[in-house]
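Ligands are counted one by one from 1 in listed order, and the atoms in each one are counted from 1 as well. Side chains included, hydrogens not; waters and symmetry mates left out as well; all remaining heavy atoms used.
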Amino acid sequence: MNVHVQGCQVAADGAPKPVRRENGQREVFCGLTGIVWLHRKIQDAFFLVVGSRTCAHLIQSAAGVMIFAEPRFATAIMEEKDLAGLTDANDELDRIVAQLIARRPEIRLLFLVGSSPSEVIKLDLSRAALRLSQKFSPAVRILNYSGSGIETTFTQGEDACLASLVPAAPPPRTSEDQLLIVGSLADVVEDQFIRLFDALGIGRVQFLPPRKAAALPAIGPNTRFLLAQPFLADTARALEDRGATRLAAPFPLGVEGTTAWLRAAADTFGVAPALFEAVTQPHRIRAERALLRYRVQLSGRSIFLFPDSQLEIPLARFLSRELSMQLVEVGTPYLHREHLAEELRLLPDDVVLSEGQDVDLQLDRCRAARPDLVVCGLGLANPLEAEGMTTKWSIELVFTPIQGYEQAADLAELFARPLVRRAKLVA
Ligand code: SF4
């Protein structure tokens with residue numbers, strides 16, 4: 001166990017916000033979880049987890065409710081003899097992939113997803129992907145990434161997946177600046193942003209991940225990218241390695257975050273302030289009006305965010321500034337100071353931030369504070385509910401469309417609902 005507190009470099013208005021760092025036992029899901037939303041986003045991709053029965057159970061139970069047709073994910077289960085090195089796991093993997101591609105000719109992109117067991121036996125999935133790509137390209141592109149639970153948190157699966165797509169993206173065909181939105185968004189949210197960028201005259205906007213494998217965005221020195229999710233450190237680095245430039249902005253959660261996020265693109269692409277105002281104002285007014293009733297319900301209520309989804313800091317900014325909630329502690333698994341600099345500036349000066357986790361110590365702090373609402377992973381929610389606390393599962397925030405103006409009130413409702421439910425139970 002290792003805990004220490006130190007000042008971080010990000011200053012709001014000069015004053016550094018201290019960050020409590022913990023490096024103890026953690027309660028988080030692994031990166032395989034990302035498959036649940038990524039397989040819905042990239043419509044002709046298939047995710048083949050190379051893992052154990054535990055991995056298969058995790059994916060099945062996380063995504064089980066969404067299986068209505070042939071799923072686009074599966075687990076190639078490594079048996080004990082594979083783990084003991086008694087068979088050639090590569091031969092077995094080649095056989096399974098050949099079978100899968102023969103049976104599912106619509107697959108255009110196949111991800112071999114590494115797991116803790118495949119990493120333990122050091123199965124080299126990047127070589128496997130290369131070998132299998134040579135065999136099946138151009139019909140099927142085969143890439144690999146790790147969804148392993150060793151030292152990761154569940155949203156890192158998306159980061160690893162998107163980072164694996166970057167080297168496969170084509171170079172730009174034009175030297176004109178192009179906007180790229182990075183991070184998976186629900187299609188409905190993506191469509192709203194396309195309409196807004198269109199109205200701002202920013203032109204053709206590309207998205208990573210794309211909805212179809214063949215529509216990988218062109219990436220090069222003329223790419224200006226906006227992160228739509230705060231957990232994409234490796235993807236951003238891979239994009240920067242291809243010459244792309246990140247536009248610094250808060251994340252598009254709530255009215256304020258969405259406006260600042262859009263403004264970062266508008267400023268870069270030379271959109272006139274009057275046009276920006278004209279395009280965004282009606283959306284802002286409507287969203288602010290929709291937020292009003294939730295502000296009445298949530299204002300002054302205290303909230304404790306356990307580190308889980310990596311959305312915690314942008315959420316805390318939205319909850320404190322747009323809904324007037326009181327932040328007891330804002331935990332995040334990792335604090336990416338550069339990507340979150342604009343968010344950190346907007347947090348209250350006295351905010352208590354923590355990075356990493358020592359779950360027992362953090363539970364003690366939470367119990368002592370008795371917040372009105374706790375945002376945490378599934379593993380902590382049940383015990384805390386049993387102790388009379390009101391909880392919100394952080395994983396729901398990743399599965400639900402929450403970005404943009406139209407979703408600002410839906411996002412607020414996600415926090416109001418558990419409090420309403422608890423009030424009804426008590427009444
Ligand atoms: S990758 Fe590791 S942590 Fe995730 S389900 Fe498989 S064994 Fe568990």
Side-chain angles (χ1 to χ4, degrees), residues 22-40 45-67 71-87 89-90 92-93 96-97 100 110-129 142-164 184 231-235 306-310 332-334 356-359 376-382 393-396 398-399:
E22 291 187 337
N23 187 12
Q25 202 195 327
R26 303 175 312 146
E27 280 281 338
V28 286
F29 273 143
C30 69
L32 296 186
T33 321
I35 294 171
V36 176
W37 64 90
L38 286 166
H39 89 277
R40 286 190 287 164
F46 193 99
F47 295 79
L48 182 65
V49 177
V50 183
S52 63
R53 288 184 197 283
T54 312
C55 308
H57 284 308
L58 175 98
I59 293 296
Q60 291 276 306
S61 51
V65 285
M66 293 166 211
I67 298 175
R72 279 184 293 102
F73 52 84
T75 308
I77 294 175
M78 299 162 64
E79 304 290 351
E80 265 173 37
K81 55 186 190 303
D82 299 315
L83 296 170
L86 298 177
T87 57
N90 281 302
E92 190 63 5
L93 183 60
I96 291 171
V97 168
L100 176 68
L110 173 64
F111 289 103
L112 303 177
V113 187
S115 63
S116 328
S118 74
E119 285 184 5
V120 166
I121 64 156
K122 300 203 172 8
L123 185 58
D124 189 343
L125 289 183
S126 62
R127 281 180 62 181
I142 301 177
L143 299 173
N144 75 289
Y145 73 89
S146 170
S148 146
I150 303 172
E151 287 302 312
T152 59
T153 193
F154 78 96
T155 43
Q156 276 178 283
E158 172 168 341
D159 190 20
C161 175
L162 301 196
S164 79
S184 64
F231 42 73
L232 299 173
D234 288 352
T235 308
F306 276 82
D308 197 35
S309 66
Q310 301 192 70
T332 180
Y334 305 102
Q357 188 170 48
D358 190 311
V359 69
C376 59
L378 294 161
L380 295 182
N382 280 350
W393 294 349
S394 49
I395 202 163
E396 249 189 281
V398 181
F399 289 157

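Taking the side-chain contact (heavy atoms from CB on, under 4.5 Å) definition, one finds that Ala160 meets it with Tyr145, sequence neighbours left out. Residues forming a side-chain contact (heavy atoms from CB on, under 4.5 Å) with Leu100 (at least two apart in sequence, or on another chain): Phe46, Arg103, Arg104, Ile107, Leu110. By the side chain to side chain donor-acceptor pair (under 3.5 Å) test, Thr54 is found to be paired with no residue, residues two or more places apart in sequence or in another chain being considered.
Checked options Val398, Ile35, Thr33, Leu232; the residue passing with Glu158 is Leu232 (criterion: side-chain contact (heavy atoms from CB on, under 4.5 Å)).
Atom 2 (Fe) of ligand 1 has Ser116 OG as protein N, O or S atoms under 2.8 Å away.
Summarising the geometry, atom CG belonging to Leu32 is positioned 7.0 Å from atom OG belonging to Ser116; distances are rounded to the nearest 0.5 Å.
Taking the side chain as every heavy atom from C-beta outward, Leu112 and Val97 approach each other to under 4.5 Å.
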